[in-house]
Amino acid sequence: MLANLNAWIVRLLLAAAAVIILLLGFLVCADIFGRAIFNSPVKGTPEMVSMSIVIICFLLAGYAVQSGSMIYTDVFSAMFGVRGRAFAQLLSAMLGILFFGIIVWGSYEPMLHAWLSGEYEGEGALRVPAWPARVVVVIGSVLVVVSYALHGVRAAISLVTGQAEGVVAPLAPHHI
């Protein structure tokens, strides 16, 4: 149940990131054409682009982990058996939980401050609210922690049973 809910949410965030990327492409093109043709760029483009990059990264992080695509190489793990790969993935899951858990812990209070105080980024032409990026960092990191926890449980089961079903990422011949 939790795995299905997590998969649904991270796919929804993947679609949201794709929409943001598309809109960001239009914004950058409008800025370039405005600058070149009318000598008037779109105001606030640098601020919106910088915030959008952070948002996109954390919207995509949950899907990257959930799909088994987060920085995985089988160069070394292919030399070990199922239990060796399961152990490597369990260790990876534990380190991922630790790393993204620290991000959640360190970002929660600044997120609340940005929300309550109306914090903005940028000066002059356009001031962009900081809270959307801070909220996405926390939510994205929580989803990454959940994804790593689910992978860790499957890897631990695979480590104990010796069955390959719990191993998250397939060996190289299955990668395209």
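Remark: Trp105 pairs with no residue by the ring pair (Phe, Tyr, Trp, His ring centres under 6.0 Å) rule, at least two apart or across chains. With sequence neighbours excluded, the residues forming a salt bridge (Lys or Arg N to Asp or Glu O under 4.0 Å) with Arg35 are Asp31, listed by chain and number. Residues forming a salt bridge (Lys or Arg N to Asp or Glu O under 4.0 Å) with Glu119 (at least two apart in sequence, or on another chain): Arg134.
In this structure, Ile37 belongs to a hydrophobic cluster whose other members, linked by side-chain heavy atoms under 4.5 Å apart, are Phe33, Phe38.
Under a hydrophobic clustering in which Ile, Leu, Val, Met, Phe, Trp and Tyr are joined whenever their side-chain heavy atoms come within less than 4.5 Å, directly or via other members, Met111 and Ile102 fall into different clusters. Put simply, Trp115 and Tyr120 are part of two different groups of oily side chains (I, L, V, M, F, W, Y) that touch within less than 4.5 Å, one to the next. Linking Ile, Leu, Val, Met, Phe, Trp and Tyr residues whenever their side-chain heavy atoms come within less than 4.5 Å places Ile55 and Val49 in a single cluster. A continuous path of hydrophobic side-chain contacts links Val135 to Leu112 [ILVMFWY only; heavy atoms under 4.5 Å]. Met48 and Ile53 fall within a single hydrophobic cluster, where Ile, Leu, Val, Met, Phe, Trp and Tyr side chains are chained together by heavy-atom contacts under 4.5 Å.
Considering CG of Leu98 and CD1 of Ile103, their distance stands at 10.5 Å, rounded to 0.5 Å. Atom CE of Met94 sits about 14.0 Å away from atom CD of Gln89, to the nearest 0.5 Å. With rounding to the nearest 0.5 Å, the separation of CD in Glu121 from CH2 in Trp131 is 14.0 Å.
Of the candidates Ile139, Asn4, Leu143, Val146, Leu143 is the only one forming a side chain to side chain contact (heavy atoms under 4.5 Å, CB included) with Ile9.
No side-chain donor-acceptor contact under 3.5 Å links Arg83 to the backbone of Ser158. A donor-acceptor pair is defined here as one N or O able to donate and one able to accept, closer than 3.5 Å; such a pair exists between the side chain of His151 and the backbone of Val65.
The shortest heavy-atom contact between Pro129 and Pro132 is O-CD, 3.3 Å. Smallest separation of non-hydrogen atoms from Met51 and Val128: CG-CG1, 4.0 Å. Nearest approach of Ser107 to Val137, heavy atoms of both residues: OG-CG1, 3.7 Å. Here the closest non-hydrogen pair linking Leu90 and Gly152 is CD1-O, 3.4 Å.
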Extract all donor-acceptor atom pairs below 3.5 Å that involve side chains of residues 10-27 and protein atoms in other chains or at least two apart in sequence.
none

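The shortest side-chain heavy-atom distance between Leu2 and Leu150 falls under the 4.5 Å cut-off.
Identified under the side-chain hydrogen bond (donor to acceptor under 3.5 Å, both in side chains) test for residues 135-150, with sequence neighbours left out: Asn6-Ser147.
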